[in-house]
Amino acid sequence: MNIKFVISKKKSKTKTGNMGLSKKSYLSFSLVLFSTIFVIESVSAATSPPLKFKNGEFKILQVADMHYADGITTPCEDVLEMKGCSDLNTTAFINRMIKAEKPDLIVFTGDNIFGQDATDAAKSLDAAFAQAIAAGIPWAAVLGNHDMESTLTREGVMKHIAGMQLTLSQLNPASADVIDGFGNYNLEVGGAEGSSLQNKTVLNLYFLDSGDYSTVPSIGGYGWIKASQQFWYQKTSLMQQKAYMSKPKPQKSPAPGLAYFHIPLPEYEDLGSNFTGVKGEGLISSPSVNSGFFTTLRDAGDVKAVFTGHDHLNDFCGELSVNTIRTWKRLDDENLTTIDPQVLFAGSAKKRSLRGI
(Lines give C-alpha, C1' and ligand atoms only; values in the text may rest on other atoms or scores of the structure.)
Protein backbone atom coordinates (compact mmCIF):
# COMPACT_ATOMS: atom_id res chain seq x y z
CA MET A 1 0.00 0.00 0.00
CA ASN A 2 1.31 3.37 -0.94
CA ILE A 3 -0.48 6.51 0.27
CA LYS A 4 0.49 10.07 -0.63
CA PHE A 5 -0.75 13.28 0.91
CA VAL A 6 -0.53 16.68 -0.72
CA ILE A 7 -1.14 19.69 1.44
CA SER A 8 -1.63 23.26 0.60
CA LYS A 9 -2.87 25.87 2.92
CA LYS A 10 -3.70 29.31 3.89
CA LYS A 11 -5.30 30.11 7.18
CA SER A 12 -6.38 32.89 9.29
CA LYS A 13 -7.45 33.18 12.86
CA THR A 14 -7.48 35.20 16.00
CA LYS A 15 -8.44 34.10 19.46
CA THR A 16 -10.50 35.75 22.12
CA GLY A 17 -9.65 35.45 25.76
CA ASN A 18 -12.72 33.32 26.33
CA MET A 19 -11.65 29.67 26.46
CA GLY A 20 -9.11 30.32 23.70
CA LEU A 21 -11.86 30.22 21.09
CA SER A 22 -11.08 31.28 17.57
CA LYS A 23 -12.74 34.59 16.93
CA LYS A 24 -12.54 34.47 13.20
CA SER A 25 -10.55 32.81 10.50
CA TYR A 26 -10.94 33.43 6.88
CA LEU A 27 -8.88 30.97 5.08
CA SER A 28 -8.18 32.74 1.88
CA PHE A 29 -5.79 29.95 1.37
CA SER A 30 -2.67 31.54 0.15
CA LEU A 31 -0.83 29.82 2.89
CA VAL A 32 -2.05 26.37 3.43
CA LEU A 33 -5.15 24.57 2.36
CA PHE A 34 -5.05 20.85 2.95
CA SER A 35 -4.71 18.68 0.01
CA THR A 36 -4.22 14.99 0.41
CA ILE A 37 -3.13 12.58 -2.25
CA PHE A 38 -3.53 8.88 -1.80
CA VAL A 39 -1.88 6.38 -4.00
CA ILE A 40 -2.84 2.92 -2.86
CA GLU A 41 -2.34 -0.36 -4.58
CA SER A 42 -5.90 -1.11 -4.64
CA VAL A 43 -8.28 -2.73 -2.29
CA SER A 44 -13.67 -4.49 1.15
CA ALA A 45 -17.40 -4.98 0.47
CA ALA A 46 -19.19 -6.89 -2.23
CA THR A 47 -20.96 -3.85 -3.66
CA SER A 48 -19.23 -1.24 -5.81
CA PRO A 49 -18.77 2.04 -3.89
CA PRO A 50 -19.28 5.33 -5.76
CA LEU A 51 -15.62 6.26 -5.21
CA LYS A 52 -13.06 4.19 -7.09
CA PHE A 53 -9.32 4.03 -7.60
CA LYS A 54 -8.13 4.91 -11.09
CA ASN A 55 -4.82 3.64 -12.39
CA GLY A 56 -3.83 2.63 -8.87
CA GLU A 57 -4.41 6.11 -7.41
CA PHE A 58 -7.02 8.01 -5.44
CA LYS A 59 -6.42 11.65 -4.61
CA ILE A 60 -8.08 13.62 -1.81
CA LEU A 61 -7.90 17.38 -1.38
CA GLN A 62 -8.59 18.44 2.21
CA VAL A 63 -9.75 22.00 2.91
CA ALA A 64 -9.96 23.24 6.50
CA ASP A 65 -11.33 26.36 8.17
CA MET A 66 -12.51 28.35 5.18
CA HIS A 67 -14.68 30.55 7.44
CA TYR A 68 -16.84 31.79 4.60
CA ALA A 69 -19.35 34.52 5.45
CA ASP A 70 -20.47 37.41 3.25
CA GLY A 71 -17.99 37.48 0.38
CA ILE A 72 -15.90 40.54 -0.37
CA THR A 73 -17.00 42.25 2.87
CA THR A 74 -15.57 39.40 4.96
CA PRO A 75 -11.90 40.15 5.75
CA CYS A 76 -9.18 37.57 6.24
CA GLU A 77 -7.30 37.36 9.51
CA ASP A 78 -3.88 35.93 10.37
CA VAL A 79 -2.92 36.05 6.71
CA LEU A 80 0.61 37.13 5.89
CA GLU A 81 1.03 40.14 3.63
CA MET A 82 -2.31 40.06 1.82
CA LYS A 83 -4.04 43.45 1.98
CA GLY A 84 -7.68 43.44 1.04
CA CYS A 85 -7.94 39.69 1.55
CA SER A 86 -11.52 38.35 1.67
CA ASP A 87 -13.63 35.30 0.89
CA LEU A 88 -12.84 35.99 -2.76
CA ASN A 89 -9.19 35.08 -2.14
CA THR A 90 -10.30 31.82 -0.56
CA THR A 91 -12.39 31.05 -3.60
CA ALA A 92 -9.52 31.81 -5.97
CA PHE A 93 -7.06 29.64 -4.10
CA ILE A 94 -9.43 26.69 -3.88
CA ASN A 95 -10.02 26.93 -7.61
CA ARG A 96 -6.26 26.97 -8.26
CA MET A 97 -5.75 23.93 -6.05
CA ILE A 98 -8.54 21.99 -7.73
CA LYS A 99 -7.03 22.70 -11.16
CA ALA A 100 -3.50 21.89 -10.01
CA GLU A 101 -4.26 18.65 -8.15
CA LYS A 102 -7.37 17.33 -9.96
CA PRO A 103 -8.57 15.42 -6.90
CA ASP A 104 -11.00 12.50 -6.92
CA LEU A 105 -12.60 13.74 -3.69
CA ILE A 106 -12.56 17.01 -1.74
CA VAL A 107 -12.91 16.86 2.05
CA PHE A 108 -13.86 19.94 4.09
CA THR A 109 -12.92 19.55 7.75
CA GLY A 110 -15.04 22.09 9.57
CA ASP A 111 -15.50 25.81 10.22
CA ASN A 112 -16.66 25.90 6.65
CA ILE A 113 -18.46 29.13 7.48
CA PHE A 114 -17.94 31.61 10.30
CA GLY A 115 -21.42 31.86 11.72
CA GLN A 116 -20.94 35.08 13.64
CA ASP A 117 -20.19 37.00 10.42
CA ALA A 118 -22.56 35.11 8.12
CA THR A 119 -25.87 36.92 7.77
CA ASP A 120 -27.40 33.96 5.91
CA ALA A 121 -25.92 30.57 6.77
CA ALA A 122 -27.40 28.79 3.75
CA LYS A 123 -25.94 31.32 1.30
CA SER A 124 -22.54 31.17 2.99
CA LEU A 125 -22.56 27.36 2.85
CA ASP A 126 -23.49 27.47 -0.83
CA ALA A 127 -20.53 29.78 -1.48
CA ALA A 128 -18.15 27.64 0.57
CA PHE A 129 -18.76 24.48 -1.45
CA ALA A 130 -19.47 26.09 -4.83
CA GLN A 131 -15.98 25.45 -6.19
CA ALA A 132 -16.21 21.69 -5.66
CA ILE A 133 -19.65 21.59 -7.29
CA ALA A 134 -18.59 23.74 -10.23
CA ALA A 135 -15.61 21.45 -10.81
CA GLY A 136 -17.90 18.40 -10.85
CA ILE A 137 -15.93 16.69 -8.07
CA PRO A 138 -17.55 14.62 -5.28
CA TRP A 139 -17.04 16.13 -1.84
CA ALA A 140 -17.67 15.49 1.83
CA ALA A 141 -17.71 17.71 4.91
CA VAL A 142 -17.75 17.68 8.70
CA LEU A 143 -18.65 20.48 11.10
CA GLY A 144 -16.39 22.71 13.17
CA ASN A 145 -17.12 24.85 16.19
CA HIS A 146 -18.30 27.94 14.23
CA ASP A 147 -20.56 26.51 11.52
CA MET A 148 -23.74 26.74 13.61
CA GLU A 149 -23.38 30.31 14.89
CA SER A 150 -25.50 31.97 12.19
CA THR A 151 -29.10 31.34 11.10
CA LEU A 152 -29.05 27.52 11.15
CA THR A 153 -28.68 25.07 14.03
CA ARG A 154 -25.88 22.52 14.00
CA GLU A 155 -28.31 19.90 12.72
CA GLY A 156 -29.68 22.39 10.20
CA VAL A 157 -26.21 23.12 8.83
CA MET A 158 -25.46 19.42 8.34
CA LYS A 159 -28.86 18.83 6.72
CA HIS A 160 -28.18 21.65 4.28
CA ILE A 161 -24.75 20.23 3.45
CA ALA A 162 -26.15 16.71 3.00
CA GLY A 163 -28.71 18.03 0.50
CA MET A 164 -26.26 19.83 -1.79
CA GLN A 165 -25.13 18.73 -5.24
CA LEU A 166 -22.32 16.17 -5.57
CA THR A 167 -21.96 15.84 -1.80
CA LEU A 168 -21.37 12.45 -0.20
CA SER A 169 -21.92 13.97 3.25
CA GLN A 170 -24.49 12.34 5.52
CA LEU A 171 -26.45 13.68 8.48
CA ASN A 172 -25.68 10.51 10.45
CA PRO A 173 -25.49 6.76 9.79
CA ALA A 174 -28.85 5.04 9.43
CA SER A 175 -27.42 2.04 11.29
CA ALA A 176 -26.85 4.03 14.49
CA ASP A 177 -29.91 4.23 16.76
CA VAL A 178 -28.24 6.76 19.04
CA ILE A 179 -25.16 8.79 18.17
CA ASP A 180 -23.87 12.15 19.33
CA GLY A 181 -23.40 15.04 16.92
CA PHE A 182 -24.21 15.44 13.24
CA GLY A 183 -22.11 14.33 10.28
CA ASN A 184 -20.80 10.95 11.44
CA TYR A 185 -20.46 8.62 8.44
CA ASN A 186 -18.19 6.30 6.50
CA LEU A 187 -17.28 6.46 2.81
CA GLU A 188 -15.83 3.50 0.95
CA VAL A 189 -13.35 3.74 -1.90
CA GLY A 190 -13.38 0.77 -4.23
CA GLY A 191 -10.66 -0.94 -6.19
CA ALA A 192 -9.98 0.06 -9.78
CA GLU A 193 -12.31 -1.20 -12.51
CA GLY A 194 -10.92 -4.31 -14.14
CA SER A 195 -8.68 -5.16 -11.19
CA SER A 196 -9.09 -8.27 -9.06
CA LEU A 197 -10.29 -6.03 -6.25
CA GLN A 198 -12.81 -3.95 -8.18
CA ASN A 199 -15.63 -5.17 -5.91
CA LYS A 200 -13.71 -4.64 -2.68
CA THR A 201 -13.44 -1.49 -0.59
CA VAL A 202 -9.74 -0.68 -0.59
CA LEU A 203 -9.90 2.44 1.58
CA ASN A 204 -12.33 3.54 4.31
CA LEU A 205 -12.88 7.20 5.11
CA TYR A 206 -14.34 7.91 8.54
CA PHE A 207 -15.95 11.29 9.23
CA LEU A 208 -16.89 12.36 12.75
CA ASP A 209 -18.39 15.37 14.50
CA SER A 210 -15.86 16.47 17.12
CA GLY A 211 -18.41 18.92 18.51
CA ASP A 212 -18.10 22.59 19.34
CA TYR A 213 -17.84 23.38 23.07
CA SER A 214 -18.20 21.37 26.24
CA THR A 215 -21.77 20.99 27.45
CA VAL A 216 -20.66 19.88 30.92
CA PRO A 217 -20.90 22.88 33.30
CA SER A 218 -17.86 21.86 35.31
CA ILE A 219 -15.68 21.32 32.21
CA GLY A 220 -14.67 24.20 29.98
CA GLY A 221 -13.15 24.32 26.53
CA TYR A 222 -13.98 22.49 23.34
CA GLY A 223 -16.12 19.46 22.65
CA TRP A 224 -14.84 15.92 22.10
CA ILE A 225 -15.71 12.70 20.30
CA LYS A 226 -18.21 10.84 22.49
CA ALA A 227 -18.56 7.17 23.43
CA SER A 228 -21.54 6.67 21.08
CA GLN A 229 -19.45 7.86 18.12
CA GLN A 230 -16.56 5.63 19.07
CA PHE A 231 -18.90 2.66 19.36
CA TRP A 232 -20.24 3.39 15.87
CA TYR A 233 -16.68 3.62 14.51
CA GLN A 234 -15.67 0.34 16.18
CA LYS A 235 -18.70 -1.48 14.79
CA THR A 236 -18.25 -0.03 11.30
CA SER A 237 -14.51 -0.74 11.27
CA LEU A 238 -15.04 -4.35 12.36
CA MET A 239 -17.67 -4.86 9.66
CA GLN A 240 -15.37 -3.42 6.99
CA GLN A 241 -12.41 -5.48 8.15
CA LYS A 242 -14.41 -8.69 8.05
CA ALA A 243 -15.65 -7.92 4.53
CA TYR A 244 -12.13 -7.10 3.34
CA MET A 245 -10.67 -10.32 4.69
CA SER A 246 -13.53 -12.54 3.51
CA LYS A 247 -14.28 -14.18 0.17
CA PRO A 248 -14.19 -13.31 -2.63
CA LYS A 249 -10.55 -12.31 -2.80
CA PRO A 250 -9.90 -12.47 0.97
CA GLN A 251 -7.08 -10.21 2.15
CA LYS A 252 -4.64 -10.90 4.98
CA SER A 253 -4.95 -7.58 6.78
CA PRO A 254 -7.59 -4.81 7.10
CA ALA A 255 -8.08 -2.22 4.40
CA PRO A 256 -6.48 1.06 5.45
CA GLY A 257 -8.63 3.85 6.81
CA LEU A 258 -8.37 7.62 7.32
CA ALA A 259 -10.24 9.73 9.87
CA TYR A 260 -11.42 13.32 9.38
CA PHE A 261 -12.80 15.68 12.02
CA HIS A 262 -12.31 19.26 13.14
CA ILE A 263 -10.87 19.55 16.66
CA PRO A 264 -7.45 17.89 17.15
CA LEU A 265 -7.03 15.11 19.70
CA PRO A 266 -5.06 15.74 22.91
CA GLU A 267 -2.43 13.32 21.60
CA TYR A 268 -1.26 15.96 19.12
CA GLU A 269 0.67 17.45 22.05
CA ASP A 270 2.52 14.14 22.44
CA LEU A 271 4.32 14.64 19.15
CA GLY A 272 6.81 16.96 20.83
CA SER A 273 9.28 18.03 18.15
CA ASN A 274 8.65 14.93 16.04
CA PHE A 275 6.77 16.64 13.23
CA THR A 276 7.23 18.38 9.91
CA GLY A 277 5.74 21.81 9.37
CA VAL A 278 4.92 24.77 11.60
CA LYS A 279 3.55 24.85 15.14
CA GLY A 280 2.67 28.53 15.18
CA GLU A 281 0.33 28.58 18.15
CA GLY A 282 2.57 26.95 20.72
CA LEU A 283 -0.17 24.77 22.14
CA ILE A 284 -2.82 22.59 20.52
CA SER A 285 -6.43 23.71 20.96
CA SER A 286 -7.69 20.28 21.95
CA PRO A 287 -10.53 19.48 24.33
CA SER A 288 -9.68 19.35 28.02
CA VAL A 289 -11.26 15.88 28.12
CA ASN A 290 -9.40 12.98 26.54
CA SER A 291 -12.21 10.64 25.52
CA GLY A 292 -9.79 7.94 24.38
CA PHE A 293 -10.49 8.09 20.66
CA PHE A 294 -6.82 7.78 19.71
CA THR A 295 -6.64 4.53 21.68
CA THR A 296 -9.86 3.38 20.00
CA LEU A 297 -8.34 4.03 16.57
CA ARG A 298 -5.10 2.31 17.49
CA ASP A 299 -6.85 -0.79 18.85
CA ALA A 300 -9.15 -1.12 15.83
CA GLY A 301 -6.06 -1.16 13.63
CA ASP A 302 -7.33 0.16 10.30
CA VAL A 303 -6.98 3.96 10.51
CA LYS A 304 -3.48 5.02 9.46
CA ALA A 305 -3.80 8.80 9.63
CA VAL A 306 -5.99 11.47 11.22
CA PHE A 307 -6.72 14.86 9.61
CA THR A 308 -8.08 17.86 11.49
CA GLY A 309 -8.35 21.64 11.23
CA HIS A 310 -9.17 24.19 13.96
CA ASP A 311 -5.70 25.57 14.85
CA HIS A 312 -5.14 28.08 12.09
CA LEU A 313 -1.47 28.82 12.77
CA ASN A 314 -0.52 25.20 13.37
CA ASP A 315 0.38 23.39 10.18
CA PHE A 316 2.27 20.19 10.75
CA CYS A 317 2.21 16.43 10.48
CA GLY A 318 3.88 13.80 12.63
CA GLU A 319 3.84 10.15 13.64
CA LEU A 320 2.73 9.11 17.06
CA SER A 321 3.40 5.66 17.47
CA VAL A 322 1.75 2.56 8.94
CA ASN A 323 2.85 1.11 4.39
CA THR A 324 3.97 4.34 2.95
CA ILE A 325 2.36 7.72 3.46
CA ARG A 326 3.96 10.72 1.79
CA THR A 327 2.83 14.29 2.29
CA TRP A 328 3.66 17.72 0.95
CA LYS A 329 2.17 21.22 0.93
CA ARG A 330 1.64 23.94 -1.65
CA LEU A 331 1.78 27.69 -1.13
CA ASP A 332 -0.48 30.18 -2.84
CA ASP A 333 2.31 31.88 -4.74
CA GLU A 334 2.93 32.28 -8.44
CA ASN A 335 4.30 28.76 -8.83
CA LEU A 336 2.13 26.94 -6.26
CA THR A 337 5.46 26.09 -4.59
CA THR A 338 5.75 22.66 -2.99
CA ILE A 339 7.21 22.64 0.54
CA ASP A 340 7.78 20.30 3.50
CA PRO A 341 7.86 16.92 1.72
CA GLN A 342 7.77 14.09 4.23
CA VAL A 343 7.39 10.31 4.35
CA LEU A 344 4.90 9.74 7.15
CA PHE A 345 5.37 6.02 7.33
CA ALA A 346 7.11 3.24 5.48
CA GLY A 347 6.92 -0.27 6.78
CA SER A 348 4.67 -2.24 9.08
CA ALA A 349 5.12 -0.34 12.36
CA LYS A 350 1.80 0.32 14.09
CA LYS A 351 2.10 4.07 14.22
CA ARG A 352 -0.58 6.65 13.59
CA SER A 353 0.04 9.85 11.67
CA LEU A 354 -1.52 13.05 12.90
CA ARG A 355 -2.01 15.93 10.52
CA GLY A 356 -2.90 19.28 12.06
CA ILE A 357 -3.66 22.55 10.36
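This structure is a prediction, so every number in the text was calculated from the model and none was measured.
- Although no hydrogens or angles enter the test, the distance criterion places no donor-acceptor pair under 3.5 Å between the side chain of Asp65 and the main chain of Asp111.
- The side-chain hydrogen bond (donor to acceptor under 3.5 Å, both in side chains) check on Asp209 picks up Arg154, with sequence neighbours excluded.
- Taking the six-membered ring where tryptophan is involved, the planes of Phe58 and Phe53 are tilted, since the angle between them lies from 30° to 60°.
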Inset, instruction - I would like to know whether Tyr268 and Val306 meet side chain to side chain contact (heavy atoms under 4.5 Å, CB included); could you show each step before the answer? - result: CA-CA 10 Å; Tyr268 274 72; Val306 172; 3.9 Å; yes
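- Looking at heavy atoms from C-beta onward, Gln240 lies in side-chain contact with Asn186 at the 4.5 angstrom threshold.
- Note that CD of Gln170 and CG of Asn184 are 10.0 Å apart. Values are rounded to the nearest 0.5 Å.
- With His262 contributing its side chain and Val142 its backbone, the two residues share no donor-acceptor pair below 3.5 Å.
- Of all heavy-atom pairs between Lys252 and Met245, the closest is O-SD, 3.7 Å.
- By the side-chain contact (heavy atoms from CB on, under 4.5 Å) test, Asn335 pairs with Asp333, Thr337, sequence neighbours left out.
- Alongside Val289, the hydrophobic cluster contains Val216, Ile219, Trp224 (criterion: ILVMFWY side chains under 4.5 Å).
- At least one side-chain heavy atom of Phe316 sits under 4.5 Å from a side-chain heavy atom of Leu271.
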Inset, instruction - Give the intermediate values and the outcome of side chain to side chain donor-acceptor pair (under 3.5 Å) for residues Asp340 and Thr276. - result: CA-CA 7 Å; Asp340 292 342; Thr276 296; over 6 Å; no
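- Annotation: side chain of Ile113 is not in contact with side chain of Glu149 (no heavy-atom distance under 4.5 Å).
- Partners of Lys226 according to the side-chain hydrogen bond (donor to acceptor under 3.5 Å, both in side chains) rule, which considers only residues two or more places apart in sequence or in another chain, do not exist here.
- Atom CD1 of Ile284 and atom CD1 of Ile263 lie 13.0 Å apart (nearest 0.5 Å).
- By the side-chain contact (heavy atoms from CB on, under 4.5 Å) test, Lys54 pairs with Asp104, sequence neighbours left out.
- The environment of Lys279 atom NZ is dense: over 12 non-hydrogen atoms of other residues, nucleotides or ligands sit within 6.0 angstrom.
- Expressed to the nearest 0.5 Å, how far OG of Ser196 lies from NZ of Lys249 amounts to 5.0 Å.
- Across all non-hydrogen atoms, the minimal contact from Leu61 to Ile98 is CD2-CG1, 4.0 Å.
- Looking at Lys52, its side chain does come within 3.5 Å of a backbone N or O of Gln198 through a donor-acceptor pair.
- Here the side chains of Phe307 and Val107 are not in contact, with every heavy-atom distance at 4.5 Å or above.
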Inset, instruction - Would you sort out whether Ile161 and Leu143 count as a side chain to side chain contact (heavy atoms under 4.5 Å, CB included), showing the intermediate values? - result: CA-CA 10 Å; Ile161 291 172; Leu143 301 181; 3.9 Å; yes
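- Considering only residues two or more places apart in sequence or on other chains, Asp180 meets the side-chain hydrogen bond (donor to acceptor under 3.5 Å, both in side chains) condition with Ser228.
- To the nearest 0.5 angstrom, Leu313 atom CG is 4.5 Å from Glu281 atom CD.
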Inset, instruction - Evaluate the criterion side chain to side chain contact (heavy atoms under 4.5 Å, CB included) for residue pair Glu101 and Arg330; output intermediate values, then yes/no. - result: CA-CA 10 Å; Glu101 296 295 349; Arg330 285 183 185 265; 2.5 Å; yes
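- Annotation for Asn89 and Gly84: closest pair OD1-O, 3.9 Å, computed over non-hydrogen atoms.
- Side-chain contact between Met148 and Thr153: absent, with no pair of heavy atoms (C-beta onward) separated by less than 4.5 Å.
- The structure places CE of Met158 at 8.0 Å from CG of Asn172, a figure rounded to the nearest 0.5 Å.
- Judged purely by atom type and a 3.5 angstrom limit, Ser237 has no side-chain atom pairing as donor or acceptor with the backbone of Tyr233.
- Taking every heavy atom of both residues into account, Ser214 and Gly220 meet most closely at CB-O, 4.0 Å.
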Could you give the side-chain donor-acceptor pairs of residues 122-130 under 3.5 Å, partners two or more places apart or in another chain?
{"residue": "Ser124", "atom": "OG", "partner": "Ala69", "partner atom": "O", "Å": "2.6"}
{"residue": "Ser124", "atom": "OG", "partner": "Asp120", "partner atom": "O", "Å": "3.3"}
{"residue": "Asp126", "atom": "OD1", "partner": "His160", "partner atom": "NE2", "Å": "2.8"}

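- Remark: the backbone N or O of Asp87 is not paired with any side-chain donor or acceptor of Thr74 at under 3.5 angstrom.
- Taking 4.5 Å as the limit, some side-chain heavy atom of Leu205 sits within range of a side-chain heavy atom of Leu105.
- Partners of Phe207 according to the ring-ring contact (aromatic ring centres under 6.0 Å, His included) rule, which considers only residues two or more places apart in sequence or in another chain, are Tyr185, Tyr260.
- Contact detail for Ser150 and Ala118: the closest heavy-atom pair is OG-O, 2.5 Å.
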Could you list the donor-acceptor pairs under 3.5 angstrom formed by side chains in residues 132-140, with sequence neighbours left out?
{"residue": "Trp139", "atom": "NE1", "partner": "Gln165", "partner atom": "O", "Å": "2.9"}

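- At distances below 3.5 Å, not a single donor-acceptor pair connects side-chain atoms of Ser86 with backbone N or O atoms of Thr73.
- In this structure, the side-chain hydrogen bond (donor to acceptor under 3.5 Å, both in side chains) partners of Thr167, at least two apart in sequence or on a different chain, are Ser169.
- Ala176 meets the side-chain contact (heavy atoms from CB on, under 4.5 Å) test with Pro173, Ile179, Trp232; sequence neighbours excluded.
- In terms of the ring-ring contact (aromatic ring centres under 6.0 Å, His included) criterion, residue partners of Phe261 (sequence neighbours excluded) are, by chain and number, Phe293.
- Counting all heavy atoms, side chain and backbone alike, Gly223 lies closest to Pro287 at O-CB, 3.2 Å.
- Side-chain contact check for Leu336 versus Met97: some heavy-atom pair is nearer than 4.5 Å.
- A distance of 10.0 Å separates SG in Cys317 from CG in Asn274, rounded to the nearest 0.5 Å.
- Distance alone, capped at 3.5 Å, places no donor-acceptor pair between the Gln131 side chain and the Thr91 backbone.
- Between the side chains of Tyr206 and Asp302, at least one donor N or O lies within less than 3.5 Å of an accepting N or O.
- In this structure a side-chain-to-backbone donor-acceptor pair under 3.5 Å is missing from Lys200 to Gly191.
- A 4.5 Å side-chain heavy-atom check between Asn145 and Tyr213 finds at least one atom pair inside the cut-off.
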